[in-house]
Amino acid sequence: MNNKFPKIWILIVIVVPFILMFFLHIGIALGEYFGININVPNVDASVWFVFSGNYFGSIVTLAGVMITLKDGRKIYQHGKVLEEIDKEKEKLGKAICELNVLVPNTVFQWFNSLPIKEKGYDSIEVASVRRSIMEEMGKINKLKLEVMFFTDAYYMTAGCSVCKNPCKIQNILPEFQRIYEMIGQRIFDVLKEIDCYINDIRNNNLRNTLIDAYKIENEKCQKLGQPPQYSEEMIKECENEIVDVKFRQDKICAALNEINGYNQNEIPQLCNLARGYIIERKKNAYKECFSEKWNRKRGK
């Protein structure tokens, strides 16, 4: 309705003078041929032509002003869209740069370098490593949410699928999403695997310490000629609870080798896709499909 009203108003402004001129000519014809004057007294054809000329001159001026204002509004909106695209570029760059593929290897080596004391690992040191793992896992989830919320990398308008002049974004975005999610999920899964590995080793050390304590107490009882305080079945049960971490360790090492290669392949590819996406966004900033995104950002 809002779009139709200005068009109707413009149509009325242009058509009314033609209607008046039409009746003027009818009045002149009736006066010439039948002596009937239906025009306003003392207002002849020359006055009407002067009025029409001034009127049409005003319309042309008004049309020029309206075109200028409309173009100015388009230029302003185009500039604002470009500003939003630049902000989006910063968000995407931050999301990619903070996908730290070296973190899994760092925390894994950190834990493996911890000294094993008489009673096993220091609980404070182990807690620090595991806290770093949890923080990094939370960071990965946060980065993806920021990409989804603050950028259009996970958004495509409905018109993209039926666009008569499709751009490269239709191909760029699915590939960007696939690689970004693959890297983030892979890092997340390996960090989780490292945390389980740390927990298994810590529990194994606790059980080994407990078994050693059982055996020491039994030796003391044996020296005093007393029956053993802890049975062989109890010690065997503790030994069975010890987890073989070799398989998990090999799995982590293989995953770390894979992730370390992301800096040479997947990360540069992700950067190129993001760069191509921004270039296409700027090329298409004037299109209606992108003005839809612009209006959505402003809450319209």
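Values below: every heavy atom of this structure, side chains too, minus hydrogens, waters and symmetry copies.
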**Item:** Hphob cluster co-occupancy, M182 + Y277, side-chain heavy atoms under 4.5 angstrom
**Value:** yes

**Asked** Do Y154 and F149 have ring centroids that are under 6.0 Å from one another?
**Response** no

**Message:** Just so I know, are the side chains of K87 and T151 near enough to count as touching, which here means a heavy-atom distance under 4.5 Å?
**Reply:** no

**Message:** Quick check: closest heavy atoms across P104 and I259, and the distance to 0.1 Å?
**Reply:** CG-CD1, 4.4 Å

**Prompt:** Around Q222, counting heavy atoms of other residues, nucleotides and ligands shown, do more than 12 lie under 6.0 Å from its CD?
**Reply:** no

**Item:** Minimum heavy-atom distance between G184 and I140, given as atom pair plus value
**Value:** O-CG2, 3.6 Å

**For R207, the option from E237, E241, E239 that meets side chain to side chain donor-acceptor pair (under 3.5 Å)** = E241

**Request:** Measure the spacing between CG of N112 and CD1 of I194 and express it to the nearest 0.5 Å.
**Result:** 9.0 Å

**Request:** Could you tell me the separation between the OG1 atom of T106 and the CD1 atom of I133, rounded to the nearest 0.5 Å?
**Result:** 11.0 Å

**Message:** List the residues meeting side chain to side chain donor-acceptor pair (under 3.5 Å) with Y262, not counting sequence neighbours, and say none if there are none.
**Reply:** E258

**Request:** For N263, check side chain to side chain donor-acceptor pair (under 3.5 Å) against everything at least two apart and list the hits.
**Result:** none

**Message:** Using side-chain heavy atoms (C-beta onward) and a distance below 4.5 Å, is N260 in contact with V101?
**Reply:** no

**Item:** N204 side chain vs V243 backbone, donor-acceptor pair below 3.5 Å
**Value:** yes

**Request:** To the nearest 0.5 angstrom, please state how far the CE atom of M134 sits from the CG atom of L191.
**Result:** 8.0 Å

**Prompt:** Are N100 and E136 close enough that some pair of their side-chain heavy atoms sits under 4.5 Å apart?
**Reply:** yes

**Request:** Indicate, with yes or no, if I198 and I124 share a hydrophobic cluster defined by side-chain heavy-atom contacts under 4.5 Å among Ile, Leu, Val, Met, Phe, Trp and Tyr.
**Result:** no

**Message:** My understanding is that only residues two or more places apart in sequence, or in another chain, count here; which of them pass side chain to side chain donor-acceptor pair (under 3.5 Å) with Q185?
**Reply:** D189

**Asked** For the side chain of N199 and the backbone of D195, is there at least one donor-acceptor N/O pair under 3.5 Å apart?
**Response** no

**Item:** Closest heavy-atom pair and its distance - Y121, V126
**Value:** CB-CG2, 3.5 Å

**Request:** Spell out, yes or no, whether M148 and M137 are grouped together once hydrophobic residues are joined by side-chain heavy atoms under 4.5 Å, including indirect joins.
**Result:** yes

**Item:** Any pair counted as salt bridge (Lys or Arg N to Asp or Glu O under 4.0 Å), so long as it reaches residues 267-278, sequence neighbours left out
**Value:** none

**Asked** Could you give the distance from SG (C253) to NZ (K251), rounded to the nearest 0.5 Å?
**Response** 12.5 Å

**Asked** Taking the inter-plane angle between the rings of F108 and Y197 on a 0 to 90° scale, is it parallel (under 30°), tilted (30 to 60°) or perpendicular (over 60°)?
**Response** tilted

**side chain to side chain contact (heavy atoms under 4.5 Å, CB included) evaluation trace for Y180 with L273** = CA-CA 10 Å; Y180 189 84; L273 288 169; over 6 Å; no

**Request:** Using atom types as modelled and distance alone, determine if a side-chain donor or acceptor of E88 lies under 3.5 Å from a backbone N or O of F150.
**Result:** no

**Item:** For the student: nearest non-hydrogen atoms of C221 and P228, plus distance
**Value:** CB-CA, 4.3 Å

**Message:** Quick check: closest heavy atoms across E125 and P115, and the distance to 0.1 Å?
**Reply:** OE1-CD, 3.9 Å

**Request:** Scan residues 90-102 for pairs that pass salt bridge (Lys or Arg N to Asp or Glu O under 4.0 Å), counting only residues two or more places apart or in two chains.
**Result:** K94-E98, K94-E146

**Message:** To the closest 0.5 Å, what do you measure between CD1 (I201) and CD (Q249)?
**Reply:** 6.5 Å

**Prompt:** Do N218 side-chain atoms and Q229 backbone N/O form a donor-acceptor pair below 3.5 Å?
**Reply:** yes

**side chain to side chain contact (heavy atoms under 4.5 Å, CB included) between I278 and I85, worked out** = CA-CA 7 Å; I278 293 299; I85 293 173; 4.0 Å; yes

**Item:** CG on L92 to CG on L270, rounded to 0.5 Å
**Value:** 9.0 Å

**Request:** Step by step, work out the salt bridge (charged side-chain N to carboxylate O under 4.0 Å, His left out) result for R178 and E175.
**Result:** CA-CA 5 Å; R178 183 188 68 80; E175 187 66 9; 2.7 Å; yes

**Message:** Hydrophobic clusters here meaning ILVMFWY residues chained together by side-chain heavy-atom distances under 4.5 Å, can you tell me if I179 and L173 are in one?
**Reply:** yes

**Request:** Kindly write out the residues that satisfy side chain to side chain donor-acceptor pair (under 3.5 Å) with R202, not counting sequence neighbours, or none if the list is empty.
**Result:** none

**Asked** Taking C-beta and beyond as the side chain, do E135 and R131 meet within less than 4.5 Å on heavy atoms?
**Response** yes

**side chain to side chain contact (heavy atoms under 4.5 Å, CB included) between S128 and W110, worked out** = CA-CA 10 Å; S128 296; W110 179 13; 4.1 Å; yes

**Asked** Do the side chains of V190 and V245 join up, straight or via other hydrophobic residues, at under 4.5 Å, putting them in one cluster?
**Response** yes

